[in-house]
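These notes concern the structure reproduced below.
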Amino acid sequence: MKWPAIDQLPALVPLPAGYHFERLNRANIPALIEALKGWHPEIAVGVASCYLREDFYHNRVFLEGEAQRDVWVVLFKFNNEIVGMWSLEREVEALAIYGRLVIIDSAHRGAKLAGSVMKGSENMGRAMGAQFLYGMATLKAPYSQLALEHAGYRLLGFFPGYNREQVAPGVVKRVYEAVYGKLLVPDDEVHYPDPKNLTPKAKALFELLFPNRSSTAR
């Protein structure tokens with residue numbers, strides 16, 4: 001399950017006119033970190049705070065001209081200026097891709113770049129041989145939830161206390177996040193659970209999330 005070459009991305013994930021992708025390299029890591037601090041200062045705490053550390057990129061991210069790694073970061077460029085970033089993580093053994101982070105400069109959010117990549121991630125996943133895509137959305141604002149839902153992702157539930165966020169000036173608490181997923185294989189390749197193997201609570205939730213599958217023993 002290999003990441004696509006940068007010249008393959010425009011066909012897989014089309015962007016609005018004037019925008020293009022660029023692979024992250026070691027030289028532009030400091031510039032990206034400084035940009036992230038301005039675009040989205042809230043990521044200084046919580047799971048995404050790793051994107052503010054240079055060692056994270058050097059040790060875990062697939063960088064231009066180097067060996068492939070499981071975490072992938074590309075930049076959005078407009079007139080040669082960095083205006084956003086997109087990061088995914090591949091789970092090779094599960095043939096799955098986790099949508100880690102999309103952040104766009106507020107001056108360019110009207111271009112709907114985040115929506116473009118959420119829709120295009122299915123094309124990219126299929127090209128890589130992935131069979132499942134998933135991601136999490138903050139409940140602090142509806143925008144990431146809406147983008148995932150418009151891109152055809154299914155709401156699967158909530159992780160209580162999964163992440164840490166600044167909920168007020170100087171106040172950091174653990175927060176709920178919504179979990180979304182998209183299956184990329186035909187229905188006949190999925191094994192659905194036999195209802196008799198589910199506890200009453202698990203069965204009730206399964207019936208709520210998958211009403212068309214809850215009565216079928218597989």
Side-chain angles (χ1 to χ4, degrees), residues 1-91 97-121 123-125 128 133-138 140-141 143-144 147-148 151 162-166 172 177:
M1 203 163 72
K2 293 183 178 180
W3 296 114
I6 198 70
D7 59 1
Q8 296 176 298
L9 278 181
L12 296 171
V13 188
L15 294 180
Y19 294 89
H20 68 275
F21 290 112
E22 184 176 293
R23 178 83 69 199
L24 182 68
N25 59 42
R26 289 183 182 268
N28 54 28
I29 289 171
L32 173 60
I33 291 174
E34 287 306 307
L36 288 171
K37 291 176 182 177
W39 297 336
H40 193 49
E42 292 87 350
I43 70 167
V45 297
V47 68
S49 62
C50 59
Y51 289 90
L52 301 180
R53 302 196 321 264
E54 288 197 30
D55 66 288
F56 169 73
Y57 298 94
H58 293 310
N59 297 328
R60 296 193 57 195
V61 174
F62 173 32
L63 300 171
E64 182 182 23
E66 301 186 18
Q68 292 214 358
R69 289 174 170 166
D70 290 338
V71 179
W72 186 79
V73 174
V74 291
L75 307 175
F76 297 98
K77 301 290 286 285
F78 184 81
N79 290 337
N80 242 10
E81 177 187 1
I82 301 174
V83 298
M85 63 85 75
W86 179 29
S87 181
L88 302 171
E89 184 169 1
R90 65 182 184 182
E91 298 175 1
I97 294 177
Y98 167 42
R100 290 182 61 111
L101 191 65
V102 180
I103 297 183
I104 309 297
D105 182 343
S106 60
H108 292 266
R109 288 177 190 162
K112 300 182 179 179
L113 298 172
S116 295
V117 299
M118 287 181 185
K119 292 177 181 177
S121 60
N123 296 333
M124 198 172 94
M128 293 173 62
L133 309 175
Y134 72 101
M136 283 178 273
T138 179
K140 183 181 285 187
Y143 309 117
S144 54
L148 285 161
Y162 163 75
N163 199 7
R164 297 168 62 241
E165 287 185 4
Q166 181 172 287
V172 176
E177 292 212 353

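Since this is a predicted model, take the numbers as computed values, not measurements.
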I need the [X] [atom1] to [Y] [atom2] distance, nearest 0.5 Å.
X: F76; Y: H20; atom1: CZ; atom2: NE2; answer: 11.5 Å
X: Y98; Y: L88; atom1: OH; atom2: CG; answer: 10.5 Å
X: I104; Y: W86; atom1: CD1; atom2: CH2; answer: 10.5 Å
X: E42; Y: S49; atom1: CD; atom2: OG; answer: 13.0 Å
X: M118; Y: L133; atom1: CE; atom2: CG; answer: 11.5 Å

Hey, does the side chain of [X] reach the backbone of [Y] with a donor-acceptor pair shorter than 3.5 angstrom?
X: Q8; Y: A5; result: yes
X: N123; Y: L12; result: yes
X: N25; Y: L63; result: no
X: K140; Y: Q166; result: yes

*Are the side chains of V73 and M85 in touch, meaning some heavy atoms are under 4.5 Å apart?*
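Yes, their side chains come closer than 4.5 Å.
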*asked:* Any non-hydrogen side-chain atom of S106 less than 4.5 Å from a side-chain atom of H40?
replied: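 No - every pair of side-chain heavy atoms lies 4.5 Å or more apart.
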*Check the pair F21, V117 against side-chain contact (heavy atoms from CB on, under 4.5 Å), reporting the backbone distance first and the verdict last.*
CA-CA 11 Å; F21 290 112; V117 299; 4.1 Å; yes
*Do the rings of W72 and W3 sit parallel, tilted or perpendicular, given the 30° and 60° boundaries?*
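Geometry flag for W3 against W72: parallel rings.
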Considering non-hydrogen atoms only, spot the tightest contact between [X] and [Y] and give its length.
X: N163; Y: V47; answer: OD1-N, 2.9 Å
X: Y51; Y: L36; answer: O-CD1, 3.5 Å
X: V13; Y: G120; answer: CG2-O, 3.7 Å
X: I97; Y: M1; answer: CG1-CE, 4.3 Å
X: L101; Y: A48; answer: CD1-CB, 4.2 Å
X: P16; Y: L113; answer: CD-CD2, 3.6 Å

*Evaluate side-chain contact (heavy atoms from CB on, under 4.5 Å) for I82 paired with K77, printing each intermediate quantity in order.*
CA-CA 5 Å; I82 301 174; K77 301 290 286 285; 3.7 Å; yes
*asked:* Checking Q68 against K2 for the side-chain contact (heavy atoms from CB on, under 4.5 Å) test, could you report, in this order, the C-alpha distance in whole Å, the side-chain angles of both residues, the deciding distance, and whether it holds?
replied: CA-CA 8 Å; Q68 292 214 358; K2 293 183 178 180; 3.8 Å; yes
*Applying side-chain hydrogen bond (donor to acceptor under 3.5 Å, both in side chains), run through E177 and T138 and close with a yes or a no.*
CA-CA 5 Å; E177 292 212 353; T138 179; 5.0 Å; no
*How would you list all residue pairs meeting salt bridge (charged side-chain N to carboxylate O under 4.0 Å, His left out) that involve residues 61-75, not counting sequence neighbours?*
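Qualifying pairs, neighbours excluded: R26-E66, D70-R90.
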*Which residues pass the side chain to side chain donor-acceptor pair (under 3.5 Å) test with D55, sequence neighbours left out?*
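With neighbours one apart ignored, the set is R53.
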*Show your reasoning for whether side-chain contact (heavy atoms from CB on, under 4.5 Å) applies to R23 and V74.*
CA-CA 5 Å; R23 178 83 69 199; V74 291; 4.1 Å; yes
*More than 12 non-hydrogen atoms from neighbouring residues, nucleotides or ligands closer than 6.0 Å to CG on N59, yes or no?*
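More than 12 heavy atoms, drawn from other residues, nucleotides or ligands, come within 6.0 Å of this atom.
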*Please list, chain by chain and in numerical order, all residues satisfying ring pair (Phe, Tyr, Trp, His ring centres under 6.0 Å) with H108, sequence neighbours excluded.*
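Partners of H108 by the ring pair (Phe, Tyr, Trp, His ring centres under 6.0 Å) criterion, ordered by chain and then number, come out as Y19, F78.
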